[in-house]
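For reference, the structure discussed in these notes is given below.
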Amino acid sequence: MNATVFSEPLKTDRLVLRLFAENDLDDMYAYQGLPEVARYLYRPPRDRARCAEVIGRIGQGTHWKEDGDSLTLAVCRHDTPGVIGEVMVSLSSAYAGQAEIGWVFHPDHGGRGYATEAALALRDLAFQQLSVHRLFARIDADNTASVRICERLSMRREAHLIENDRDDRGWGSEYVYAILAREIEPAGTD
Ligand SMILES: CC(C)(COP(=O)(O)OP(=O)(O)OC[C@H]1O[C@@H](n2cnc3c(N)ncnc32)[C@H](O)[C@@H]1OP(=O)(O)O)[C@@H](O)C(=O)NCCC(=O)NCCS
């Protein structure tokens, strides 16, 4: 996949998902710079320079062909300007059609279902347009908000890895959630 393949913004009831642009830097930094947002991301918060670097890379769109290729979309509300968060999918195995999904949102826009709505749209895009066979998520077991998103995406908890990670807070455990393409009901079914 490349930028021309993802040419049209993806619209949902309340949101638009599109590629990042240079002038989204302030909006991205507003959430990616927050320690509470990075808490479960397996990496530190991003500073402004790092956000600019990331936008330079992901804003170009992406190839969707080889292991490691990925697509990150900025999420905007219809009713207010600016980027409120992002959803991403990355190809872990091109041969086996395995892809990982993730989401990061500004806490100011939390608790209204925006992350779930955007993740559902990306889940469907992954299956319908990116030929993904199995979509999975790796979630810190303490990240209950993300666990709830996985469940709203009809993903199944396939693994609970006990103390498979460690950081300055101590040991961390992880859930693996997943769903197969054939488990998604075709649009229009009850
Ligand atoms: C994970 C994260 C995106 C979840 O945010 P969130 O606000 O809980 O998720 P949503 O936007 O989907 O909102 C869901 C909540 O809105 C509620 N809601 C309110 N109005 C709603 C509506 N119109 N439609 C749907 N849900 C609505 C839901 O009931 C739900 O509440 P609940 O979780 O108490 O059941 C956010 O916490 C985050 O960005 N965290 C930091 C990054 C991170 O950890 N990412 C995951 C790494 S794997």
Side-chain angles (χ1 to χ4, degrees), residues 1-20 40-42 57-58 60-78 84-105 110-162 164-165 172-190:
M1 184 179 187
N2 55 41
T4 55
V5 175
F6 187 82
S7 51
E8 292 300 315
L10 188 56
K11 292 186 180 159
T12 67
D13 285 349
R14 298 179 296 170
L15 304 171
V16 179
L17 280 62
R18 59 159 175 78
L19 293 173
F20 273 92
Y40 298 121
L41 293 182
Y42 304 95
R57 179 167 45 81
I58 62 180
Q60 308 295 319
T62 183
H63 297 278
W64 191 262
K65 190 175 172 193
E66 295 174 3
D67 296 4
D69 287 349
S70 65
L71 175 67
T72 301
L73 297 176
V75 180
C76 310
R77 290 167 52 166
H78 290 312
I84 64 167
E86 62 194 62
V87 286
M88 67 292 293
V89 63
S90 67
L91 190 57
S92 60
S93 168
Y95 181 74
Q98 307 288 305
E100 180 172 4
I101 189 169
W103 37 76
V104 184
F105 279 74
R112 276 168 275 184
Y114 293 129
T116 301
E117 190 169 318
L120 273 168
L122 187 62
R123 180 200 70 176
D124 292 348
L125 179 135
F127 287 134
Q128 290 161 13
Q129 293 179 42
L130 303 180
S131 304
V132 169
H133 173 71
R134 174 176 171 273
L135 189 68
F136 68 95
R138 293 167 47 229
I139 308 288
D140 187 298
D142 291 333
N143 191 351
T144 51
S146 284
V147 163
R148 286 197 288 272
I149 293 178
C150 287
E151 289 168 352
R152 287 192 284 265
L153 263 56
S154 306
M155 299 173 91
R156 162 181 56 247
R157 187 183 294 179
E158 294 189 338
H160 184 179
L161 309 175
I162 312 292
N164 65 320
D165 195 16
S173 297
E174 186 176 282
Y175 293 132
V176 178
Y177 277 82
I179 185 168
L180 301 175
R182 64 171 176 269
E183 293 173 321
I184 299 292
E185 290 184 8
T189 55
D190 292 329

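Since this is a predicted model, take the numbers as computed values, not measurements.
Panel note: side chain Trp103, backbone Ala115; no donor-acceptor pair is recorded below 3.5 Å. Not one N or O on the side chain of Ser173 forms a donor-acceptor pair closer than 3.5 Å with the backbone of Ala141. Side-chain atoms of Glu117 never come within 3.5 Å of backbone atoms of Thr12 as a donor-acceptor pair (strictly under, hydrogens ignored).
Here CG of Leu91 is found 8.5 Å from CG of Leu130. Values are rounded to the nearest 0.5 Å. Distance check, rounded to the nearest 0.5 Å: CG of Leu120 to CG of Leu153 gives 4.5 Å. Here the CZ-CD1 distance, from Arg134 to Ile179, works out to 11.0 Å after rounding to the nearest 0.5 Å. In this structure, Thr144 OG1 and Glu151 CD are separated by 10.5 Å, a value rounded to the nearest 0.5 Å. Distance check, rounded to the nearest 0.5 Å: CG of Asn143 to OH of Tyr175 gives 11.0 Å. The line from CE of Met88 to CG of Leu71 is 10.0 Å long, rounded to the nearest 0.5 Å.
The two atoms that bring Ala96 and His133 nearest to each other are O-CB, 3.8 Å, heavy atoms only. Considering all non-hydrogen atoms of both residues, Ala126 and Val89 come closest at CB-CG2, 4.5 Å. Of all non-hydrogen atoms in Phe20 and Gly85, the two that sit nearest each other are CZ-O, 4.4 Å. Pairing each heavy atom of Val132 with each of Phe127, the nearest pair is O-CD2, 3.2 Å. Here the closest heavy-atom approach between residue Val87 and residue Ala119 is recorded as CG1-N, 4.1 Å. Ala118 and Val75 make their closest contact through CB-CG2, 3.8 Å (heavy atoms, listed as atom of the first residue, atom of the second, distance).
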task = Mind running side chain to side chain contact (heavy atoms under 4.5 Å, CB included) on Arg77 and Arg14 for me, showing each step along the way?
result = CA-CA 6 Å; Arg77 290 167 52 166; Arg14 298 179 296 170; over 6 Å; no

ask   = Hey, mind stepping through Tyr40 and Ile139 against side chain to side chain contact (heavy atoms under 4.5 Å, CB included) and telling me if it holds?
value = CA-CA 8 Å; Tyr40 298 121; Ile139 308 288; over 6 Å; no

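Glu100 pairs by the side-chain contact (heavy atoms from CB on, under 4.5 Å) definition with Ser90, Phe136, Arg138, not counting sequence neighbours. Remark: Leu10 pairs with Phe6, Leu17, Ala121, Leu125 by the side-chain contact (heavy atoms from CB on, under 4.5 Å) rule, at least two apart or across chains.
The one candidate from Ile101, Leu180, Val147 that meets the side-chain contact (heavy atoms from CB on, under 4.5 Å) condition with Met155 is Ile101.
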